Structure formats: C-alpha cells, structure tokens
There are 2 protein chains.
Amino acid sequence: MENSYKNILEKFKKLLKKNELKFTKQREEILEAIYNSKSHISSEELYHSLQNPKIGIATVYRTLSLLESENFVTTFINSGVKQYELTKEHHDHIICNKCGKIEEFLNPEIEMLQEKIASSFGFKITDHSLQMFGICKECQKDNL
Amino acid sequence: MENSYKNILEKFKKLLKKNELKFTKQREEILEAIYNSKSHISSEELYHSLQNPKIGIATVYRTLSLLESENFVTTFINSGVKQYELTKEHHDHIICNKCGKIEEFLNPEIEMLQEKIASSFGFKITDHSLQMFGICKECQKDNL
DNA sequence: GTTCTCTTTGAAAATAGATGTCAATTTAAA
DNA sequence: TTTAAATTGACATCTATTTTCAAAGAGAAC
Ligand SMILES: [Mn+2]
Ligand SMILES: [Mn+2]
Ligand SMILES: [Zn+2]
Ligand SMILES: [Zn+2]
C-alpha cells in the first residue's frame, strides 16, 4: 500500500466509517494539509496552512485528536508544542536548538535496551519518547 | 559532601551570593519544600506544599527557574507538566500510566549510542530527554 | 430529491501552566 | 539606622488547548 494521497484519503474515510463519523470538507482539508506538510507540523502551523480560512482552530484540534487516537498520526512534544506527522515506522528525533531542524533516526539497539530496562523493573512498556537536542552541522559553522 | 538539608542550604546560599541575589524566607521555604519532596514534584504541587500560604505562585516559578538555570534542580516534562528534582547524576525515567510511579535508570550503553547517532548526523548534542511509559508491576496485578 | 435526525462546525469563552507588571515590602551594605 | 536596590504577591497576560452551544451540514430513510 503506497502512501499516495488517494490511499491516505481512503484509509481516512474507512476510519470515519468505522467510528460512525461523517466525512466533511473540513476533515478532508485538514488531512490534506497534514499530508502536504510532508514533515512535522504543529496544530497552529497546520491551521494557518489551510486554504479555507473559515475552518476554526477547534476543528483542527478535534480532527488531529481523532487522528492521533486512531494512530493515523503520531506526535511528539518539542518545547511544549505538539508536533504531528503521518504515522509511519516508529522512530525518534534529533532537534537543532538553533534552526529547529529535525532529523529522524531509529536505533534497534536502543529500542532493545529499553525493553530490557523496562522488564528489569517489571514494567510493561506501552510507549516511549526520546529526543536529542543540540546544534546541527550547518548551525555549527554559522556560529563563528 | 553529603546531601543533608544543611549542606543543600549552604550551597543555595553560595549560589545566591555568587549571583548577587538576596536570601529570603520565601526562597528558603521553596528550597526546603523541594528538598522534603524527596522525589519529583511539579511547581503546582510544590506551591501547595508550602507552610506559609502567603507565598505567591509567581515566586515559586521564579525560584524554580533560578534553581534550574543554576543546575541546582533538574527537570523533565511529564504530560505537559514540568517535574523538578534536586540535581544528582544524570538519569532517565520510566513512568507508570496507571499510578504515576516514576522509576529512575541510567544506561551507559544507551547514552553512548546516543552520542554515536548524534555524531553520525554531525550534531553536537547538548541534552536529551528519554522517558518510557507503561504499567508498573503492581498496577499489572490490580487490573484483573 | 426531500425530509429529518444526529453530527459537526465556528466563534467565543474557559482552562491550565507559566510568565510579565508594578506598587509595596524587605534585604543587606554602608 | 538609613537607604538603594532587589524581591515579593496580586493580578494581568500569554500560549496551547479544550469546552460550550447555537447554527449549519451530512447522510440514511423515505
Ligand atoms: Mn518524525
Ligand atoms: Mn529523577
Ligand atoms: Zn541547525
Ligand atoms: Zn503503577
């Protein structure tokens, strides 16, 4: 199943049907906006990127919450602001404190070590959140 | 240097001197409250734990910010709420979604892998944040 | 296509956590 | 003690998000 917008839209419609929710132009446009962002986007940014300026911020939050609860989008928090992206394979983030650039990575060793640690405490892990903060290559040059 | 309150208080007084700040009963009481909490505490919880009810929430925030900027306390964010603790060796947290219990751990392998990942991206890491979420041993029993 | 009911929406108010403002109070150096 | 500068508490403000509710819209049943 490729990730064309058409496929995403179909999945979204199925999700709505499953939850006995209605397909509205607002919901579609919000989905489209998150698809088009092609990266990490906050609710506020998403709101401002909408073509139809009549769509309310509350509808944006409502739709994003729905998508998140259905695991259609995945989030993480950067300086107190939730960042959304279409759900794909699990990964973590490394963030530049200067320019805001975000790189993604997945390290199976870290993932395994986490499981090991959790079970050593008797915890059943449902989730984790790992972010690294620093200065990216470009911003290191810029500095002096 | 042991971690008795007396020692903590002396360190705090030195910190104030160094920054040309004044020693006030409010600042002392907030320090005492965080010391007494003996674990992770939010600003709101700390505020309500104060003996002197006249101390304002703004003073709590101001004092905590000062302590944090001086690396006297360390924080992490749990469900959007900053948690404070007296600074000790670096560690990460594993949090129970049911009862809120927080366990601490330090895994040198994970720490090293993070450095490795960062440098593979050309990043200079200043900080990281790792939390695992799940259900603790006790809460697993409680469930059925 | 029309009807009709239930859902969804946008605007505005409310909330939570945190920060800014400022006149009154307090600290501590002189 | 005097005094200038720092600190405080009350309150306003801010940001991100959620709630409220009357009006508009979706879509199943006709
Ligand atoms: Mn990502
Ligand atoms: Mn801790
Ligand atoms: Zn950068
Ligand atoms: Zn628990």
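For clarity, every value in this text was computed on a predicted model and none was experimentally measured. So you know, we letter chains A, B, ... as the sequences are listed, proteins then strands, and number each from 1.
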Q) Rounded to whole angstrom units, what separation is found between the CG atom of B:Asn19 and the C1' atom of D:dA6? A) 13 Å
Q: Locate the shortest heavy-atom distance separating A:Cys96 from B:Phe123; write the atom from each residue and the value.
A: N-CE2, 3.6 Å
**Q.** Heavy-atom closest contact (A:Glu104 atom, B:Phe121 atom, distance)
**A.** O-CZ, 3.4 Å
Q. Distance only, no hydrogens: is a donor on one side chain within 3.5 Å (strictly under) of an acceptor on the other, for B:Arg62 and B:Ser65?
A. no
Pairs: protein N or O with nucleotides 26-30 of chain D N or O, under 3.5 Å:
residue, atom, partner, partner atom, Å
D:dA26, OP1, A:Lys25, NZ, 2.9
D:dA26, N3, A:Lys22, NZ, 3.1
D:dG27, OP1, A:Phe23, N, 2.9

Q) Pick the nucleotide of DNA chain C nearest each of A:Leu16 and B:Tyr61; which residue has the one closer to the 5' end? A) A:Leu16
(Q) Using a 4.0 Å cut-off to any heavy atom of chain B, which nucleotides of DNA chain C are the first and last in contact, reading 5' to 3'? (A) C:dG17 to C:dA28
Q) Considering only heavy atoms, which members of residues 38-59 of chain A lie under 4.0 Å from some atom of DNA chain C? A) A:Lys54, A:Ile55, A:Gly56, A:Ala58, A:Thr59
Q. How about A:Glu68 and A:Thr75: does a side-chain donor come under 3.5 Å of a side-chain acceptor?
A. yes
Q: Work out which heavy atom in A:Tyr47 is nearest to a heavy atom in A:Val60; give both atom names and the distance.
A: CD1-CG2, 3.9 Å
List the atom pairs, with distances to 0.1 Å, where a side-chain N or O of residues 111-118 of chain B and a protein N or O form a donor-acceptor pair under 3.5 Å, not counting sequence neighbours.
residue, atom, partner, partner atom, Å
B:Glu111, OE1, B:His90, NE2, 3.4
B:Glu111, OE2, B:His90, NE2, 3.1
B:Gln114, OE1, B:His128, ND1, 3.0

Q) Mind checking whether B:His40 and B:Phe76 have parallel, tilted or perpendicular rings, split at 30° and 60°? A) perpendicular
**Q.** Nearest heavy-atom neighbours spanning A:Val81 and A:Ser42
**A.** CG1-CB, 3.6 Å
Below 3.5 Å, can you tabulate the donor-acceptor pairs from side chains in residues 12-21 of chain B to any protein atom, sequence neighbours excluded?
residue, atom, partner, partner atom, Å
B:Lys18, NZ, B:Glu70, OE1, 2.8
B:Asn19, ND2, B:Glu70, OE2, 2.9

(Q) Considering every strand and a 4.0 Å limit on heavy-atom distances, what is the contact class for B:Arg62: base, sugar-phosphate, or nothing? (A) base
Q: Using side-chain contact (heavy atoms from CB on, under 4.5 Å) as the criterion, list what pairs up with A:Ser4, not counting sequence neighbours.
A: A:Glu2, A:Lys6, A:Asn7
